2 protein chains.
Amino acid sequence: MAERRSVDKRVTSHEVALRAGVSQSTVSRALAGDPRLSEATRLRVLEIARSLGYKPNAIARSLITKRTNIVGLVASNMANPFYPLVLEAFTQHLHSLGWRVLLFTAGSREDVDDLLPEVLAYQVDGLIIVSAAMSSRMARECVGRGTPVVLFNRYVPDSGASAVSCDNRGGGRKVAEALLRAGYRRLAYIAGREDASTSVDRERGFGEALLEHGVKTWLREPGNFSYEAGFNAAMRLLRLDEPPEAIFCANDITAIGAIDAARKLKVRVPEDLAVIGFDDIPAASWAAYNLTTVRQPIERMIEASVRLLLGRIEDPSLAAVNEFIPGELVRRGSARLDVAPKEG
Amino acid sequence: MAERRSVDKRVTSHEVALRAGVSQSTVSRALAGDPRLSEATRLRVLEIARSLGYKPNAIARSLITKRTNIVGLVASNMANPFYPLVLEAFTQHLHSLGWRVLLFTAGSREDVDDLLPEVLAYQVDGLIIVSAAMSSRMARECVGRGTPVVLFNRYVPDSGASAVSCDNRGGGRKVAEALLRAGYRRLAYIAGREDASTSVDRERGFGEALLEHGVKTWLREPGNFSYEAGFNAAMRLLRLDEPPEAIFCANDITAIGAIDAARKLKVRVPEDLAVIGFDDIPAASWAAYNLTTVRQPIERMIEASVRLLLGRIEDPSLAAVNEFIPGELVRRGSARLDVAPKEG
DNA sequence: CTGAAAGCGCTTACAG
DNA sequence: CTGAAAGCGCTTACAG
């Protein structure tokens, strides 16, 4: 056997055909399960394919079918434990449906715009963009090539992209109403990034509900969805001459930082201060925090996103759709929502 | 314009060639930056390509070059905040080098084995498997097709796969030695999954060092790397007639659960109990936990993994390599390592 | 029921 | 400096 072997020993349908004594087309048909093939040939080809470890080259198939069965997933902000959960749920859901995921990370709309041409070069059949927007130019580009887009926890009206989001505004309202009902009056909001619709919408719902109930003013601190921002913002709030009785935070990590700041200042939670977050990440239910929060319905949001995306991949004539899925207020120990507060 | 337009408007090199009045090969060369092309044609072609929004089809290119520039990344255990960080670092590092990431999730060796044929069908140039192993059969399969594999925080000797891992055994030793030096004697280990080399090696190093210093026995509880497992295991340990003075946990999440259990039982950390973790996830430095832990050097581990993988992609004759990178003991508030404990 | 052939959109020797 | 042609590994009309 002085025969030269190529370095890479990937087996092709031609080799299978050779050994099976059939044409290459027949091999292709056997693996595709074409019903026209005779049982005998099909079994023989399959057996030989198996013994050689043959699997059709998905790249070659994609070129001819013009379908890669790949979804591009643009993720962001892995420092917030909510998003790894989203990422994992997306990949598992898509895999179970036979799809592959090409992963990218991008923090801002600009990153997304820079990245998208690279993603599109790989001919992804669809695009999921988590928690980041895109320019209308790039949105048009996607529409132009017929690549459907779903925005997750973001929306860009008239972009041609579908969007699935937690009802952040409604969530903010629920928090405001629960706090008011429990007698809290002096309230504060610690924001996330100002360019994030999640934070903006949560704040908007919160403020609207306060106004509707006659509460005209409240405190506000900027933030960026991080523990440190929550810690520092709460420090500033709690050192005020008239500190807030309750703080609503743009997300759970921020709320956790706020709780630690309160403890550092010997402000008791919930006796002296109520803290409410948004997301319901695993740490929210850790005993040290026991955080009251608005739970984002991850499973429903993922399910809706995938349904909308695959629907438009199958039928490109479908219109873009926006879905807002309500979150649920999860009552734990960081706020006394069922009784009037101490001085209420 | 009653002309029919195809649904998908992806532009090809042929269209660019047509408009530029050159051959399709010339378009390909212009975009590849072939130096033989005249400046004039190159610029003209590039300008037309730009105006049409043309980008070469990476799938077609891959078919001919037999290189996809895609790395398959098999991730696991997103519930442990350490791994999203790893995932993000990998994608960013690979992207900056011009590589794409095809993402899969798998919890066990069996999952990996089931998944790998799908990954390989996409002709990935290399494979990174995070925190899970693979059968030697699949490892052989990868070697056979010339697809290099790097295992991250796992190793499979003689598999042909490279491996990069934190020096878990050394980390366990450091913890044991620091505790003994500080005077702790009655010690415990809360394990992770028994099939995880990370947990096994940490425990081994811990036990070895104890034995070498004459400590012959210690307590042990099973676990699974989760908060709940840490909480429950610590509950059992602390209710013992002679509870441990210090608990070393297989990872940070487990340690955080253990701290919360201690607090629930009014056992003070670190006064009555030292708790030490492994990973140094962000939550380890949250004020509520202030966890002493062994930091895994993520950046160095990622850098080494990518270097080993790409090295073997460029030169398949390179041998598989195992690298163990030392972790650093980060001293925070959950253990008194610089003084003898109360009753020491 | 099966095969020969075309073609997906590129890259890259081979010519000139 | 540029073009015509082959070919990557498939799928899928088109024949028979």
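Numbers restart at 1 for each chain; the letters A, B, ... are given by sequence-line order, proteins then strands. Computation of the quantities below employed the complete heavy-atom set of this structure, encompassing side-chain atoms and omitting hydrogens, waters and symmetry-equivalent molecules. Computed from a predicted model, the values in this text were never measured in an experiment.
Here the nucleotide nearest the side chain of S38(A), chosen from dT2(C), dC1(D), dA5(C), is dT2(C). Of the listed nucleotides (dC10(C), dA5(D), dT11(D)), dC10(C) has the atom at the smallest distance from the side chain of N57(B). Across dT11(C), dG3(C), dG9(C), the shortest atom-to-atom separation from the side chain of T12(B) is found for dG9(C). Distance from the side chain of S28(A) is smallest for dT11(D) among the nucleotides dC10(C), dT11(D), dC8(D). For T65(B), taking side-chain heavy atoms from C-beta onward, the closest of the listed nucleotides dG9(C), dT12(C), dA13(C) is dT12(C). Listed candidates were dT2(C), dA13(C), dG9(C). Nearest to the side chain of I64(B) is dG9(C). With dT2(C), dG9(D), dT2(D) as the candidates, the nucleotide lying closest to the side chain of A60(A) is dG9(D).
Taking side-chain N and O atoms only, R61(A) has a distance below 4.0 Å to OP1 or OP2 of dT11(D). For T26(B), a side-chain nitrogen or oxygen approaches OP1 or OP2 of dG3(D) to under 4.0 Å. OP1 and OP2 of dG7(D) both lie 4.0 Å or more from every side-chain N or O belonging to K66(B). For dC10(D), one of the phosphate oxygens OP1 or OP2 lies less than 4.0 angstrom from a side-chain nitrogen or oxygen of Y54(A). For dA4(D), neither phosphate oxygen OP1 nor OP2 lies less than 4.0 angstrom from any side-chain nitrogen or oxygen of S23(B).
Heavy-atom contacts from other residues, nucleotides or ligands closer than 6.0 Å to CG of D315(B) number more than 12. Other residues, nucleotides and ligands contribute over 12 non-hydrogen atoms within 6.0 Å of the CZ atom of R307(A).
Across the interface with DNA chain D, nearest-nucleotide mapping of L63(A) and R36(A) shows L63(A) to be the residue nearer the 5′ end. Between A32(A) and L37(B), the residue whose closest nucleotide on DNA chain D is further toward the 5' end is L37(B).
Inter-residue side-chain proximity for Q123(A) and T147(A) is flagged as unmet; no heavy-atom pair is nearer than 4.5 Å. Put simply, the side chain of L87(B) reaches to within 4.5 Å of the side chain of L103(A), judged on heavy atoms.
Rounded to whole Å, the distance from CD on Q24(A) to P on dA6(C) is 14 Å.
In this structure, T41(B) reaches the sugar-phosphate backbone alone: every heavy-atom distance under 4.0 Å involves primed, P, OP1 or OP2 atoms, never a base.
Base pairing annotation: dA4(D) forms no Watson-Crick or G-U wobble pair, as no partner gives both donor-acceptor distances under 3.5 Å.
Put simply, CZ on F90(A) and CD1 on I298(A) are 9.5 Å apart, with the number rounded to the nearest 0.5 Å.
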